[in-house]
Amino acid sequence: ITSFAKNISDRKQAEKNIRYRFDLEKLANEISTMFVNTEFAEIDDAITSALEKIAQFSNANRSSLFLLSNGMETLTNTHEWCEDPEDSQISLIQDIPFLTFGYYREELLLHKPISISNIDDLPLDAMGEREWIRDYGFRALLFIPLIKDKVLIGTLGFYGEINMEIYWPPDFVNMLNTTGNLILNVLERKRVEQALKDSEEQYRILYENVPVGIGVTKLNGIIVRVNDYLLKLGGYTLEDILEIGGIENFYVNQMKREEVITIFQQQGFVDKFEVDFKRRNDTNFTALLSLIPIHINGELQIQAVVDD
């Protein structure tokens with residue numbers, strides 16, 4: 001009977017383990033899919049959502065993303081999920097010295113995950129951490145180092161309720177290593193897209209305010225964009241430009257256009273070539289035309305600068 005009961009118990013434990021691994025894999029796939037499908041504006045919300053899903057899966061009641069800066073001297077809590085909003089620490093952990101992480105810092109710098117299920121998991125020399133527990137109570141915690149190019153970038157942190165033990169299974173820790181890489185990738189994507197957005201905004205400001213005419217055309221001469229100064233030079237509206245369509249319709253002398261095309265094909269650019277252009281009121285104006293090739297959204301186009 002004892003052997004039979006043990007077999008049943010073992011089978012139930014095996015079934016429980018299989019269910020746990022299935023649910024863990026399902027969570028990992030869900031987070032991965034969420035990051036793949038996340039738009040730029042939703043990246044921060046997606047990271048917070050991932051922290052929430054992981055915390056709820058592991059019975060943690062707070063989860064955080066910490067990023068290092070200033071040569072790993074300071075640490076900032078950039079994203080956080082809390083079961084109880086009053087438990088939030090994000091406003092307190094902004095540009096704090098990384099040294100305050102004490103024992104945890106030493107382990108993270110060695111690229112080791114830190115798994116504390118009960119107070120006995122802390123080494124005796126982790127004096128600062130043990131002091132904190134005496135003052136505020138024990139919290140199970142898990143830190144996952146975030147590594148990029150063999151450099152510590154930050155850490156994921158998960159915390160249990162006060163005086164409640166949590167077991168962090170190795171499979172769970174391994175999954176979080178993969179999730180950490182996903183978060184680093186999506187943060188890098190956010191950085192690149194934000195830099196591009198800022199660059200485009202700076203270009204737009206320059207494009208609209210520079211005191212020369214600037215336009216962009218496709219290789220076949222169809223006008224894609226013009227700035228206000230170029231419109232003023234010819235007395236056109238944007239609607240006029242779009243209706244007229246091709247740049248060839250603005251040349252007074254088509255022979256000149258052929259010369260411009262030849263120079264561009266031979267040199268790969270045109271520098272201050274004198275051209276007469278048509279105004280909307282049937283008069284002409286003379287300007288210096290410069291052309292350079294540019295890529296916009298992967299398409300080769302031509303930027304024109306018209307200086308009167």
According to ring pair (Phe, Tyr, Trp, His ring centres under 6.0 Å), who are the partners of Y236, at least two apart in sequence or on a separate chain? F250
Give a yes or no on whether the backbone of [Y] and the side-chain of [X] come within a donor-acceptor separation of less than 3.5 Å.
X	Y	answer
T100	I96	no
N77	H79	yes
W168	V173	no
D149	V151	no
N227	V212	yes
T33	N29	yes

Is there a side-chain contact between L67 and T76 (heavy atoms, below 4.5 Å)? no
Within the structure provided, determine whether E80 and L51 are in side-chain contact (heavy-atom separation under 4.5 Å). no
Restricting to pairs with a member in residues 289-308, which pass ring-ring contact (aromatic ring centres under 6.0 Å, His included), not counting sequence neighbours? none
Run the ring-centre check on F277 versus Y251 and record whether the distance is less than 6.0 Å. yes
What side-chain donor-acceptor pairs closer than 3.5 Å can you find for residues 107-115, not counting sequence neighbours?
none

Indicate if [X] and [Y] have the same hydrophobic cluster label, given that clusters are the connected sets of ILVMFWY residues with side-chain heavy-atom separations under 4.5 angstrom.
X	Y	answer
F138	M164	no
I241	I222	no
L142	L184	yes
I183	I144	yes

Do we see a donor-acceptor contact under 3.5 Å between the side chains of T286 and E274? no
Salt bridge (charged side-chain N to carboxylate O under 4.0 Å, His left out) for K232 and D228? Distances and angles first, verdict last. CA-CA 6 Å; K232 290 176 183 177; D228 288 343; over 6 Å; no
How would you list all residue pairs meeting salt bridge (Lys or Arg N to Asp or Glu O under 4.0 Å) that involve residues 277-288, not counting sequence neighbours? D240-R280
Pair listing, salt bridge (Lys or Arg N to Asp or Glu O under 4.0 Å) test, anchored in residues 51-61, at least two apart: E30-K53
Return the orientation label for the F66 and Y159 ring planes: parallel under 30°, perpendicular over 60°, tilted otherwise. perpendicular
Are E193 and K197 ion-paired here, with the side-chain N under 4.0 Å from a carboxylate O? no
Might you confirm whether atom [atom1] of [X] has over 12 heavy atoms from other residues, nucleotides or ligands at distances under 6.0 Å?
X	atom1	value
E25	CD	no
E243	CD	no
E39	CD	no

Quick one: side-chain hydrogen bond (donor to acceptor under 3.5 Å, both in side chains) pairs with a partner in residues 59-72, sequence neighbours left out? N61-R139, R62-D87, S69-T74, N70-T74
